[in-house]
Amino acid sequence: MKIVTWNVNSIRMRKDLVVNWVKENKPDVLLLQETKCLDSDFPKEDFEDLGYNIALSGQKTFNGVAILSLYPIEDIIKDFDNNPLDHARYIEAVIVAPESVVRVASVYVPNGETLDSEKYQYKLKFFDALESHVSNLLKLNESLVIGGDFNVAPEEIDTYSVADSLDSVLFHISIRKKLRSLINLGLYDAYRLLHPKEQQFSWWDYRRGAWHKNHGLRIDHLLLSPEAADKLDSVSIDQSQRGLDSPSDHAPIICELRK
DNA sequence: ATGGTAGGCTCCCTA
């Protein structure tokens, strides 16, 4: 089963690019972030025509997450307890494939703006509440894949420049500790599990010529329960999508699980 | 050299 996470930065602006990628790569499950539209404005037909079932948690202007699946989507959950924000940043569901069942989630963690902002406090609290929810999910002992834009680079290898990142909301030690604590519940960072020494990024700022200088960070992740990690065959980041015309600032992350 | 791009929407916010 091929499961993909991708922050598309507006599904309406990115529709053709995402449709073309889906036709080429045929993911079984596609977890989207930053769809930036109401559910009624999501271009459902373009994906339904390709055979996808769709579960949405959207809002006007900002945020928005989605699950697209070639298999039935069941038990949809759109929030978790103690989430400090009334934003469309989380959707979870069970994917029922013929010979395998997997629980998936699409999460868009707040950026945090600056270390001294109120939004950064919300980012810290969002992680606490997410960790509490995920700790309950792990008790189910299911195959679980949490994909999304976590807005955190886990380790030094995951940034183009440690010096430039130390005071960044994407890398400050206080937020890396939150991601570490979440993973320490017993999750596996799929990319790092199969590529322990490689440096590959998932996001490059639109500003400052970041893409052309490869000034990126790895802030998008697929976090796997032990049951899912045991079935992990491959993980890759499709950086080619960042180099196309009118791209998202994020690249898709792809994993394949055995049945 | 202290810059600039993108999306959604409105004269600004978010990233």
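As the structure is a computational prediction, the values presented were derived from the model and not from experiment. Letters A, B, ... mirror the listed sequences (proteins, then strands); counts begin at 1.
- Separating the C1' atom of B:dA15 from that of B:dG4 is a span of 13 Å, rounded to the nearest Å.
- Among the heavy atoms of the strands lying under 4.0 Å from A:R89 are primed sugar atoms or P, OP1, OP2 only; no base atom is included.
- B:dT14 sits 14 Å from B:dC9 when the P atoms are compared, rounded to a whole Å.
- Comparing the C1' positions of B:dG3 and B:dG8 gives a spacing of 24 Å, expressed to the nearest Å.
- Residues A:R14 and A:H250 both approach DNA chain B. Their nearest nucleotides, taken by heavy-atom distance, put A:R14 toward the 5′ side.
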Run A:F126 and A:F150 through ring-ring contact (aromatic ring centres under 6.0 Å, His included) and show every step you take. CA-CA 11 Å; A:F126 185 95; A:F150 288 80; 9.1 Å; no
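- Comment: A:D189 engages A:R218 in a salt bridge, judged by a side-chain N to carboxylate O separation of less than 4.0 angstrom.
- Between A:Y108 and A:S246, the residue anchored nearer the 5' end of DNA chain B, judged by the nucleotide with its closest heavy atom, is A:S246.
- Residue pairs that meet the ring-ring contact (aromatic ring centres under 6.0 Å, His included) test with at least one member in residues 98-119 of chain A, sequence neighbours left out, do not exist here.
- With a cutoff of under 4.0 Å to any heavy atom of chain A, the contacted region of DNA chain B is bounded 5' to 3' by B:dG4 to B:dA15.
- For A:Y206, the OH atom is densely surrounded, since the number of other residues' heavy atoms within 6.0 Å is greater than 12.
- Taking the six-membered ring for Trp and thresholds of 30 and 60 degrees, A:F47 and A:F42 have ring planes inclined between 30 and 60 degrees apart.
- Partners of A:H215 by side chain to side chain donor-acceptor pair (under 3.5 Å), not counting sequence neighbours: none found.
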